[in-house]
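Below: the structure, in structure tokens.
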Amino acid sequence: MVRGLADEGVDLLLLPGGAWLILFFVVPAFQLGATSLYDPSGSVTTGYAMTWEFGNYPDAIAYAGPQILRSFAYAAIATVIGIVIGYPLAYAIAQKAGRWKNLLLICVVAPMFTSFLVRTLAWKTILSDNGALVGFLRDIGVLSADGRLLATPVAVVLGLTYNFLPFLVLPLYASLERLDTRLLEASGDLYASPTRTFLKVTLPLSMPGLVAGTLLFFIPAVGDYINAALLGNTNTNMVGNVVNSAFLSRQQPPQGAALSFLLMAIILVIVFTYVRRSGTDEVV
């Protein structure tokens, strides 16, 4: 009886979260799927009839195929850069920071206290042609005399990396902070090199945090359009830019909904495949 009451209490605790998901995910997803099947010849003034137009999906792919591929490429590159930067940072904070740990964590999350748009505009200033960074890169020969960073794929990837890096660092920190240092000492006592200790002990034990962090980084990066709009050019547009213009500029909600639904489906497949292969099913 006690167990039954406990199970009932757990079920009740799940109700708010379940209601939230139904209201703000399931219902919008259902509406988005329905919109993707509207007659594309409609308009905002005359309305869009439900004609079960499945042809909207291949048409959307044909229209925005390059942007879809570009979105996944930019997000993947940014994720790799984020791991290279974020893993050592999370490890240093978790294992080496000592009394500076809290301060460093605040430094990681502090940029998130500012608007996403403001942070991206700040990068527009940092990467400007007359900025100190571009001037320094020209002086050391990395960029030519007329070389630039702004309005290039590099700027978009840098913006994605910066804006979503905290989402990668924090789950990694949570995993690494719980790491039992006695295991590292035992590995050293068994004459394992630091590299082997990392590959055989540290990395496997931190894998749940790494998987969660890469997903929290990669998923919003794929759908982002702010960085491409402010830091890129027309040749660096991502699928989010096409969806945005379909709904707000070109008045093509069926196409925008079809692209959104396709993007969501592709990401779900990637997430489940990635989690299964990484052996951390508990993440999802």
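Just so it is clear, the structure is predicted and the values come from calculations on it, not from any experiment.
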Do [X] and [Y] get their side chains close enough for a donor-acceptor pair, meaning under 3.5 Å?
X	Y	result
S175	S206	no
S128	N130	no
S36	Y57	yes
Y48	S41	no
D224	N227	yes

When rounded to the nearest 0.5 angstrom, what distance separates [atom1] in [X] from [atom2] in [Y]?
X	Y	atom1	atom2	value
S144	L137	OG	CG	11.0 Å
L205	K200	CG	NZ	13.0 Å
L89	L165	CG	CG	7.0 Å
I226	L117	CD1	CG	6.0 Å
Y74	T161	OH	OG1	12.5 Å
I93	L172	CD1	CG	10.5 Å

Is the shortest heavy-atom distance from the side chain of [X] to the side chain of [Y] under 4.5 Å?
X	Y	value
L104	V108	no
Y38	T51	no
R250	V242	yes
N241	M238	yes
M50	L37	yes
Y162	L158	no
L203	L210	yes

So, [X] side chain and [Y] main chain: donor-acceptor pair closer than 3.5 Å or not?
X	Y	value
N56	A258	no
T214	V211	yes
T120	F116	yes
T79	A75	yes
Q95	L176	yes

Considering non-hydrogen atoms only, spot the tightest contact between [X] and [Y] and give its length.
X	Y	answer
P40	E53	CD-CG, 3.8 Å
L160	A78	CB-CB, 3.9 Å
P171	L216	CG-CD1, 3.8 Å
P220	F164	CB-CE2, 3.6 Å
V169	A90	O-CB, 3.9 Å
A155	L127	CB-CD1, 3.7 Å

Residues 116-137 vs salt bridge (Lys or Arg N to Asp or Glu O under 4.0 Å), sequence neighbours excluded, gives D129-R148

Test side-chain contact (heavy atoms from CB on, under 4.5 Å) on I68 and L263; report intermediate values, then the result. CA-CA 8 Å; I68 294 174; L263 185 65; 5.5 Å; no

Decide yes or no on side-chain contact (heavy atoms from CB on, under 4.5 Å) for L149 and I126, but give the supporting numbers first. CA-CA 10 Å; L149 291 177; I126 293 171; over 6 Å; no

Among residues at least two apart in sequence or on other chains, which ones pass salt bridge (charged side-chain N to carboxylate O under 4.0 Å, His left out) with D39? none

In this structure, are over 12 heavy atoms from other groups packed under 6.0 Å from R196 atom CZ? no

Less than 6.0 Å separating the ring centroids of Y173 and Y87? no

Under 6.0 Å between ring centres: does that hold for F167 and F218? no

Under a 4.5 Å side-chain heavy-atom rule over Ile, Leu, Val, Met, Phe, Trp and Tyr, are [X] and [Y] clustered together?
X	Y	answer
F261	F30	no
V84	L168	no
V80	F72	no
L215	L21	no
L14	F24	no

In sequence, state the C-alpha distance, the side-chain angles, and the governing distance for V239 and L69, and then conclude on side-chain contact (heavy atoms from CB on, under 4.5 Å). CA-CA 8 Å; V239 66; L69 295 176; over 6 Å; no

Would you check, one step at a time, whether the test side-chain contact (heavy atoms from CB on, under 4.5 Å) holds for I219 with I270? CA-CA 10 Å; I219 292 172; I270 292 175; over 6 Å; no

